[in-house]
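Data block below; observations after.
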2 protein chains.
Amino acid sequence: MDIQQLRYFTAIAKAGSMSRAAEILNISQPALSKVTKLLQEELGVPLIRHVGRQIILTEHGQRLAERSLTLIQDFENLKGEIENRDVSCCKDIKIATFEVFSTYALDFLNHIDWDQKTLTLHEVLPGELEEAVANKKVDVGITYMPVPHPDLEHLKVTSIEMGVFSHPDAFPDLIQNDFPYVVPAMPITGTPSRVRGLDGWPDDVFSRKVKYRVTLLETALELCRQKKAAGFFPAFIVDLHNKNVDKSRRLIRRPGISGCRLVKTDVYIVKRKSDVENQFIKQLAKGIRAVCSPKA
Amino acid sequence: MDIQQLRYFTAIAKAGSMSRAAEILNISQPALSKVTKLLQEELGVPLIRHVGRQIILTEHGQRLAERSLTLIQDFENLKGEIENRDVSCCKDIKIATFEVFSTYALDFLNHIDWDQKTLTLHEVLPGELEEAVANKKVDVGITYMPVPHPDLEHLKVTSIEMGVFSHPDAFPDLIQNDFPYVVPAMPITGTPSRVRGLDGWPDDVFSRKVKYRVTLLETALELCRQKKAAGFFPAFIVDLHNKNVDKSRRLIRRPGISGCRLVKTDVYIVKRKSDVENQFIKQLAKGIRAVCSPKA
DNA sequence: TCATGTTACGTACTACGTAAAGATT
DNA sequence: AATCTTTACGTAGTACGTAACATGA
């Protein structure tokens, strides 16, 4: 038995249903069910009873829920009392990200304890990101295109799957490398039509035709929705995007050629070497993992 | 932060030293050190300070230790209040084991919460063990020589390493299969000198000479100590044995031949199918793993 | 050099996920 | 059929182990 189990159980007691509680707790229903079962086994006492498809608390369950409530309160109070509340922690947290980790992916913020903190978010480009962290303009960065820097370290957080996406009806006759691509508009280092992509496309291995260069991810997606272009995006971004738009505007992955079907890229948190890896960074990492992995 | 971490930290506060606290808590010092570091990171506050090779609590540390104490008390009280205290749980726990899991290996009892319980331990032979569990003469059995039974299930707990052991000076000229073996005295199914061993020796593969048959493990060990015999024992038993006896009487593993050098055998908890796998069984399993694995 | 604490790294357990199968209205 | 829960099983994160290293008496 630990505090977590008590938290879960009181959530069930409050919600009056496992599925609702699981929803509130942001975990899956089976997980919650299992934890509850374990708790009952450990205590050796039934806590909930099933009546039809309702659940009701037994006498023991009611007593546990009641008493847990105050215990959890005490626990949180103690934590709050000791926890560092000085400037360095109550400050305004400043994060620099790729636009990719903004907009659709903002859910990672929900995994962070914002109590006493405020947020500033800067959407920037790869090079700028490292610079901003090094210059202390921001506290941390999130990127999948790391640029090495002597004062910084890149903590690998997870890896994401990249893919070529377009509207299903677009370019039925073309192969992947001949799609008219939309890419991030910026540091162009190649020819006008063959660029080293800022989106992580392996240009050193496969060349592609670039037709559009845009600043905003949303613009790129819109071009794809209009069947004007294809893009090289993280798969989880397109998944999130597809959940937001009308069925007719959803994008699909285009099967690649030349073994380029599935590309995995690492995602990093960028921090100054002089900063310790604190609780906030851990929460941030957890949040990023949760958003990037196709689980929920 | 969870209750466990608070328990660990108060232990440090009470003991005044990490190593002593680790000893009391039955965990390794590095583990405790790490947990403490994590706790400080999470809270963002130093809790202990190193002064020479002493540690002293900071102001925060003192407050946390004090407050934790009552919180832990409350937690335990709540647990105790809900926990099942009726006959079925306050009863006398009856366990049947091989002698192997008795005597030297009794440490597994320390992993069980004996609060409100008493223990009866029966040292029995393989067949008897299953019978005793099935007849409800005992609650569970521990064995590495399972005998299938329709009403019972064998839960695999861990695996142990078996080996041939003798006094280092004994039988320098003989190879393993020609040692005069001491084996458990009982259900003999082979010839007088070639038996199907009750100790798990793979007689179907390798024959051996049996010179002594004894009832008690301790007697077998004594014969080995006197250089009169060799035995096929679980390695962890011999390790524990060697810690208890004088240097001159310690046994060593004899290198085997014919690929029989390292034999692993599974250890099982035997329970009735009709019984649920409760907290007690989990603790028991944990204890057995702790004793059998050469870790501490 | 011993006592004490930390870092590095391996392993095994556990938490939680998805998928699929009961149960109840 | 739709809703709610449990079972089965896979994976990733964490807890704790040992070994090796650092440091003060």
Side-chain angles (χ1 to χ4, degrees), chain A residues 1-5 7-8 12 15-23 25-42 47-56 111 155-159 236 239 276-277 282-283 285-296, chain B residues 1-5 7-8 12 15-23 25-42 46-56 111 155-159 236 239 276-277 279 282-283 285-296:
Chain A
M1 183 163 109
D2 59 25
I3 289 281
Q4 175 91 325
Q5 284 176 301
R7 265 196 275 257
Y8 284 2
I12 295 174
S17 129
M18 286 231 172
S19 26
R20 269 180 48 73
E23 208 173 317
L25 294 167
N26 254 314
I27 62 171
S28 71
Q29 199 191 49
L32 186 58
S33 166
K34 202 171 178 185
V35 169
T36 314
K37 204 181 137 207
L38 273 175
L39 181 61
Q40 297 189 68
E41 262 175 34
E42 175 173 352
L47 299 171
I48 58 179
R49 207 179 4 227
H50 296 267
V51 177
R53 66 187 186 193
Q54 303 266 60
I55 59 172
I56 59 170
H111 291 253
L155 309 169
K156 186 184 158 186
V157 170
T158 187
S159 56
F236 80 93
D239 284 345
V276 290
E277 188 178 335
K282 277 180 198 159
Q283 289 174 359
K286 208 162 188 173
I288 294 170
R289 273 195 291 266
V291 171
C292 293
S293 317
K295 284 184 174 173
Chain B
M1 184 163 105
D2 59 24
I3 289 281
Q4 174 91 327
Q5 285 176 300
R7 264 196 276 258
Y8 283 3
I12 295 174
S17 129
M18 286 231 172
S19 24
R20 269 180 50 73
E23 208 174 316
L25 293 168
N26 257 315
I27 63 170
S28 71
Q29 196 194 48
L32 186 57
S33 168
K34 201 170 178 186
V35 170
T36 314
K37 204 181 136 206
L38 273 176
L39 181 61
Q40 297 189 66
E41 264 174 34
E42 175 173 354
L47 299 171
I48 57 178
R49 205 177 9 225
H50 296 267
V51 177
R53 65 186 187 194
Q54 303 267 61
I55 59 172
I56 58 171
H111 292 252
L155 308 169
K156 185 185 159 185
V157 169
T158 187
S159 56
F236 80 94
D239 285 346
V276 290
E277 189 178 332
Q279 193 60 18
K282 277 178 197 160
Q283 290 174 358
K286 207 162 190 175
I288 294 169
R289 273 194 291 266
V291 171
C292 292
S293 318
K295 284 186 176 172

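Bear in mind that the values here come from a model prediction, so they are computed numbers and not experimental data. Labels below follow one simple rule: chain letters A, B, ... track the order of the sequence lines, proteins then strands, and each chain is numbered from 1.
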*asked:* If you assign B:S33 and B:V157 each to the DNA chain C nucleotide with the nearest heavy atom, which residue ends up on the more 5' nucleotide?
replied: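 Of the two residues, B:S33 wins.
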Describe the nucleic acid contact of [X] in one word from base, sugar-phosphate, nothing, applying a heavy-atom distance below 4.0 Å.
X     : answer
A:L32 : nothing
B:Q4  : sugar-phosphate
B:N26 : sugar-phosphate
A:Q54 : nothing
B:S19 : sugar-phosphate

*For the side chain of A:I27, counting heavy atoms from C-beta on, which of C:dG17, C:dT6, C:dT14 is nearest?*
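Nucleotide nearest to A:I27's side chain: C:dG17.
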_Candidates C:dG5, D:dT6, C:dC16 - which lies nearest the side chain of A:M18_ =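 Between C:dG5, D:dT6, C:dC16, the one nearest the side chain of A:M18 would be D:dT6.
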Mind calculating the distance between [atom1] ([X]) and [atom2] ([N]) to the nearest angstrom?
X     : N      : atom1 : atom2 : result
B:I56 : C:dT4  : CD1   : P     : 17 Å
A:I55 : C:dT24 : CD1   : C1'   : 15 Å
A:D2  : C:dC16 : CG    : C1'   : 14 Å
B:Q29 : D:dG17 : CD    : C1'   : 13 Å
A:R49 : D:dT6  : CZ    : C1'   : 19 Å
A:I48 : D:dC4  : CD1   : P     : 15 Å
A:L39 : C:dC16 : CG    : C1'   : 17 Å
A:R20 : D:dT3  : CZ    : P     : 15 Å

*Output all residues satisfying side chain to side chain contact (heavy atoms under 4.5 Å, CB included) with B:A285, sequence neighbours left out; order by chain, then residue number.*
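Counting only residues at least two positions away or on another chain, B:A285 forms a side chain to side chain contact (heavy atoms under 4.5 Å, CB included) with B:V157, B:I269, B:R289.
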_side-chain hydrogen bond (donor to acceptor under 3.5 Å, both in side chains) against B:S17, all qualifying residues, sequence neighbours excluded_ =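 B:S19.
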*B:Q54: partners by side-chain hydrogen bond (donor to acceptor under 3.5 Å, both in side chains), with sequence neighbours left out*: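 B:Q54 satisfies side-chain hydrogen bond (donor to acceptor under 3.5 Å, both in side chains) with no other residue.
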*Tell me, please, which residues at least two apart from A:K156 pass salt bridge (Lys or Arg N to Asp or Glu O under 4.0 Å).*
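Partners of A:K156 by the salt bridge (Lys or Arg N to Asp or Glu O under 4.0 Å) criterion, ordered by chain and then number, come out as A:D266.
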Using residues 33-42 of chain B as the side-chain source, report each donor-acceptor pair under 3.5 Å to any protein atom, sequence neighbours left out, with the distance given to one decimal.
| from | atom 1 | to | atom 2 | distance (Å) |
| --- | --- | --- | --- | --- |
| B:T36 | OG1 | B:L32 | O | 2.6 |
| B:Q40 | OE1 | B:L47 | N | 2.9 |
| B:E41 | OE1 | A:K282 | NZ | 3.0 |
| B:E42 | OE1 | B:M1 | N | 2.7 |
| B:E42 | OE2 | A:K79 | NZ | 3.4 |
| B:E42 | OE2 | B:M1 | N | 2.7 |

OP1 or OP2 of [N] less than 4.0 angstrom from a side-chain nitrogen or oxygen of [X], does that happen here?
X      : N      : value
B:S28  : D:dC16 : no
B:R289 : C:dC13 : yes
B:K37  : C:dT7  : yes

_Which heavy atom of B:I55 sits nearest to which heavy atom of B:G16, and what is that distance?_
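Result for this residue pair: CG1-O, 3.8 Å.
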_As an exercise, state the distance from CD1 of B:I3 to CD1 of A:I3, rounded to the nearest 0.5 Å._
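Rounded to the nearest 0.5 Å, the CD1-CD1 separation comes to 4.0 Å.
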_Value rounded to 0.5 Å, distance of CG in B:L25 from CD in B:E23_ =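 Between B:L25 CG and B:E23 CD, I get 10.5 Å after rounding to 0.5 Å.
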*asked:* Can you work out whether B:L38 or A:K34 has the more 5'-proximal nearest nucleotide on DNA chain D?
replied: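 That would be A:K34.
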Atom pairs under 3.5 Å, N or O on each side, protein against nucleotides 20-25 of chain D: can you list them with distances?
| from | atom 1 | to | atom 2 | distance (Å) |
| --- | --- | --- | --- | --- |
| D:dG24 | N2 | B:R53 | NH1 | 2.5 |

